[in-house]
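The sequence lines fix the lettering, A, B, ..., with proteins before strands; numbering per chain opens at 1. All heavy atoms count here, side chains included; hydrogens, waters and symmetry mates do not. Just so you know, these numbers come straight off a predicted model, no measurement behind them.
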Amino acid sequence: MSLELRYPDGTVFEHPDGVTGLEVAESIGPGLARSAVAVKLNGDLRDLSRPLDESGDFAVVTLDSEEGLDVLRHSSAHVLAQAVLDLFEGSTFAIGPAIDNGFYYDFKVDEPFTPDDLDRIEARMKEIISQDQPFEREALSRSDALAMFGAHPFKTEIIESVEPSEVTPGEDVTVYRNIDFVDLCRGPHLPSTGRIPSVKLLRSSGAYWRGDEKRDQLQRIYGTAWPSPKELDAYLTQLEEAEKRDHRRLGAELDLFSFPPELGSGLVVWHPKGGMLRKIVEDHSRELHQRFGFDFVFTPHLAKSDLWWTSGHLDYYAEYMFPGMELDNEQEYRVKPMNCPFHILVYKSRPRSYRDLPVRLSELGAVYRYEKSGVVHGLLRARGFTQDDSHTFCTGGQLGSELALHLDFVLTWLRDAGFSEIEADLSTQPEKAPVGEQDRWDFAEKTLAKALEDSGVSFRIAPGEGAFYGPKIDMHVKDAIGRRWQLSTIQLDLILPERFGLEYTAAGNVSERPYMIHCAKAGSLERFMGVLIEHHAGAFPMWLAPVQVSVVPVADRHHEYANQIAERLRDAGLRVEVDDSDDTVGEKIRKALTHKHPAVMVVGDDDVSSSTVGLRLYGEERDTRGVPLIEATNRLATMAAKPGGRPPDPRTGVLGS
RNA sequence: GCCGGAGUAGCUCAGUGGUAGAGCAAUUCACUCGUAAUGAAUAGGCCAGGGGUUCGACUCCCCUCUCCGGCUCCA
């Protein structure tokens, strides 16, 4: 018997049955064999030393691939568990998978790990790695495995729950053994611990067994592993870079906002610089809403509880609402967690005809949600925030074009804000969606999918991830360092129109139920600005920068000229500050640069006499002397132009792409 | 909400059961300067808040608030 293995380049080679992956790799080339960490046969990853027993597609897996890195990180997790069980008597272990950029392992220990513990564990891991212990695979019957892990309740639970479909036919469970350490595992693993080139433990924290907060609280250790120390260092540098971009840190450094403890958790105050940034964002949002044919409404921050019973929020959402306020007349009021019921009441304020539709109501609506204390996170997850919200009411026949318009709007906004990589998720009906007419669901999902296809944005379907009241589209952007953020959302609501008894009179003088589209373009303005800050690392594109130009007079005698050109720049629509402090020029420059002002203008004797400036743009290493003031002004005004400005859409008459 | 860590001057942080410390920022004075920190002096504190223990608490214990890292959650 022999096997026919098809290599990735399409060529087919014969090998004897039972040949190992390593032997095949050696037959291809010694270099490949040295860098191999596993092989893939018909889509299944296998250990190098495991005999191959079937023909098919074959590939050698190295650390150059995601799969290879997973093998490395998974093996690193084993070594971590081995080290912890060595060092902490009485500890037991749960699970330890590879994750993006690293791995973790969960343990049950008497005392939570300290930073010193992590150092000790990492040192022990390095010993294990230097001993180059081989990983050996072993298949066991379920009962043998239960006997082997009798002292480890989490492993026992895993063994009991292993489905036959999860393991190779004929095997119950597999374990990997290196010297005296054994772990339950499907594999594959590196051939030996010595093949881990660089590993580092990062932090420890709490985690629940099986992610269930009612079950055991475990201690999780996170680590990272890379093909070389150089790549490890690069990763650690990237973490530092992300930390430097942290919007909470930049918010303080650039004096944009703060979260005064006196106000309570998750409640932000915007300082003047941040307030300017926010005004710019709000202005642009309103301008786009107007351009895309939305009307503006304004609604209060609280309402009688009865409203929230009608909307269903007090049935489904009560734990995220701030508690009620009892009033003298026994009426209870609630602060709003959402704007929808208010906009619905605007719709309901008079009878609607199909001729009135679509009705697009928008508002920068402040909402308050009682987020759990542990999840509040700067601007990204606050308890009070402002949605650039809208609710569109339309006929079934209009739904397609309305969704196209909403998608166009959202994509315009995200691109204007500087995001070029945008992806959508289409979330469909959840299995346990309790209510709604099925044909409306089907129609809604089909229409959403069609609108997405027509928009050209790349999307994937998230089956069953929709809200209970309707399917939705979520927009995700990638930021400058590759992180993915969810921002916009376009949600169909098949429930609220019914709960509030919304109707319109159709052409045949019959009452029809309108479709309703919730849409937040930026999501929450606070969150959006948090993401913007991190995306731009605080160095905003000029149109967003709170201060666009910093004018620096060289000496006191240049203050007058500095103020004159500041006026000229303001006349050109620019936001300008003059630094008339008695700091040295170097210090003033340093301040402007640390505040990430897009442009610095230094003016001295030469400039006063010849109407010029010294100009330095953020990111440039050096200045340009003697730029004529007119030229500098025009250049900066051009740079500061807002994005957008597109022709009207012939179909809707609305300005579109 | 859960697990762990933390809260000392505006900021970043030292500190110890026995009188509270530095750098930066601030203020004042001098300097008037051409692209990332001029110098000196001064001022600045309920050591997050509240209860204990102690002759004595910033320090030890308990509670609350806020923040940080995760978990869970984000209809």
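For a distance-only test at 3.5 Å, the side chain of A/Arg215 fails to qualify as a donor-acceptor partner of the base of B/C2. With hydrogens and angles ignored, a donor-acceptor pair under 3.5 angstrom links the side chain of A/Asp582 to the base of B/C31. Residue side chain A/Tyr208 reaches the base of B/G1 through a donor-acceptor N/O pair under 3.5 Å, judged by distance alone. At a cut-off of 3.5 angstrom, counting only N and O atoms as typed in the model, there is no donor on one side facing an acceptor on the other between the side-chain of A/Asp605 and the base of B/G34.
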N/O-N/O pairs, protein side and nucleotides 67-69 of chain B side, under 3.5 Å:
from  : atom 1 : to       : atom 2 : distance (Å)
B/C67 : OP1    : A/Ser265 : OG     : 3.1
B/C67 : OP2    : A/Ser265 : OG     : 3.0
B/C68 : OP1    : A/Arg248 : NH1    : 2.7
B/G69 : OP1    : A/Arg248 : NH2    : 2.8
B/G69 : OP2    : A/Arg248 : NH1    : 3.3
B/G69 : O2'    : A/Arg203 : NE     : 3.0

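The side chain of A/Lys372 lies closest to B/U72, out of B/A75, B/C33, B/U72. Nearest nucleotide to the A/Leu593 side chain, out of B/C74, B/A75, B/A36: B/A36. Relative to the side chain of A/Arg220, the nucleotides B/A75, B/C71, B/U38 differ in distance, and B/C71 lies closest. With B/G34, B/A36, B/C71 as the candidates, the nucleotide lying closest to the side chain of A/Thr594 is B/A36. The side chain of A/Val375 has B/G1 as its nearest neighbour among B/C74, B/G1, B/U35. Between B/U66, B/A36, B/U38, one nucleotide has an atom nearer to the side chain of A/Pro261 than all others, and that is B/U66.
For A/Glu319 and B/C2, the CD to P distance is 14 Å, given to the nearest whole Å. In this structure, the CD atom of A/Gln491 is 12 Å from the C1' atom of B/C74, given to the nearest Å. Nucleotide B/U32 holds its P atom 19 Å from the CG atom of A/Asp606, rounded to whole Å. One interatomic measurement links the two molecules: CD1 of A/Ile589 to C1' of B/A36, which rounds to 8 Å at whole-angstrom precision. The CG atom of A/Asp117 sits 11 Å away from the P atom of B/G5 (whole-angstrom rounding). At whole-Å resolution of the value, NZ in A/Lys591 and C1' in B/C24 are 12 Å apart. Remark: C1' of B/U64 and CD of A/Glu262 are 15 Å apart, rounded to the nearest angstrom. The distance between atom CZ of A/Phe385 and atom C1' of B/C74, rounded to the nearest whole Å, is 10 Å.
Counting non-hydrogen atoms under 4.0 angstrom, A/Arg557 reaches the backbone sugars and phosphates but no base. Base engagement by A/Gly614 is indicated by at least one non-hydrogen atom pair under 4.0 Å involving a base atom. When heavy atoms are screened at a 4.0 angstrom cut-off, A/Tyr320 is found touching the sugar-phosphate backbone but no base atom. Within the 4.0 angstrom heavy-atom criterion, no nucleotide atom of any strand lies near A/Glu371. Across all strands, A/Val602 comes closer than 4.0 Å to base atoms (heavy-atom distances).
Looking at which nucleotide of RNA chain B each of A/Ala207 and A/Val600 is closest to, the 5′-most match is held by A/Val600. With the nearest nucleotide of RNA chain B identified for both A/His558 and A/Tyr317, A/His558 has the one nearer the 5' end.
Side chain of A/Asn563 to backbone of A/Glu560: no donor-acceptor contact under 3.5 angstrom is found. Between the side chain of A/Arg575 and the backbone N or O of A/Pro546 there is at least one donor-acceptor pair closer than 3.5 Å. Although no hydrogens or angles enter the test, the distance criterion places no donor-acceptor pair under 3.5 Å between the side chain of A/Ser91 and the main chain of A/Val109.
For B/C73, neither phosphate oxygen OP1 nor OP2 lies less than 4.0 angstrom from any side-chain nitrogen or oxygen of A/Tyr370. The side chain of A/Arg590 places no N or O atom within less than 4.0 Å of a non-bridging phosphate oxygen (OP1 or OP2) of B/U35. Between B/U72 and A/Arg210, no contact under 4.0 Å exists linking OP1 or OP2 to a side-chain N or O.
Taking atom C1' on both B/G1 and B/U72, the two are 8 Å apart, rounded to the nearest angstrom. Separation of the C1' atoms belonging to B/U59 and B/A14 is 14 Å when rounded to the nearest angstrom. Between B/G17 and B/U12, the distance separating the two P atoms is 26 Å to the nearest Å. Nucleotides B/A48 and B/A57 are separated by 16 Å at their C1' atoms, to the nearest Å. A gap of 12 Å separates the P atoms of B/C3 and B/U64, to the nearest Å. Look at the C1' atom in both B/U38 and B/G56: the space between them is 47 Å, to the nearest Å. One P atom belongs to B/G52, the other to B/C71, and the distance between them is 40 Å to the nearest Å. Separation of the P atoms belonging to B/A9 and B/G23 is 16 Å when rounded to the nearest angstrom.
Judged by Watson-Crick or G-U wobble contacts below 3.5 Å, the nucleotide B/U16 has no partner. In a base pair of the Watson-Crick type (N1 to N3 plus N6-O4 or O6-N4) or a G-U wobble (N1-O2 and O6-N3), with each distance short of 3.5 Å, B/C67 is matched with B/G5.
Aromatic ring pairs are classed by plane angle as parallel below 30°, tilted from 30° to 60° and perpendicular above 60°; the pair A/Phe257 and A/Phe259 is perpendicular.
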Stepwise side chain to side chain donor-acceptor pair (under 3.5 Å) check, A/Glu423 with A/His476
CA-CA 5 Å; A/Glu423 291 175 339; A/His476 300 258; over 6 Å; no

Start with the C-alpha gap between A/His559 and A/Asp580, add the side-chain angles, then the distance that decides, and say whether side chain to side chain donor-acceptor pair (under 3.5 Å) holds.
CA-CA 7 Å; A/His559 284 190; A/Asp580 55 6; 5.1 Å; no

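Inspection of the A/Lys588 and A/Ser550 side chains reveals no N or O donor paired with an N or O acceptor under 3.5 Å. Donor-acceptor pairing under 3.5 Å is lacking for the side chains of A/Trp485 and A/Glu534.
Summarising the local packing, CZ of A/Arg635 is surrounded by 12 or fewer heavy atoms from other residues, nucleotides or ligands at distances under 6.0 Å.
Between A/His518 and the choices A/His391, A/Gln491, A/His343, the side chain to side chain donor-acceptor pair (under 3.5 Å) rule is met once, by A/His391.
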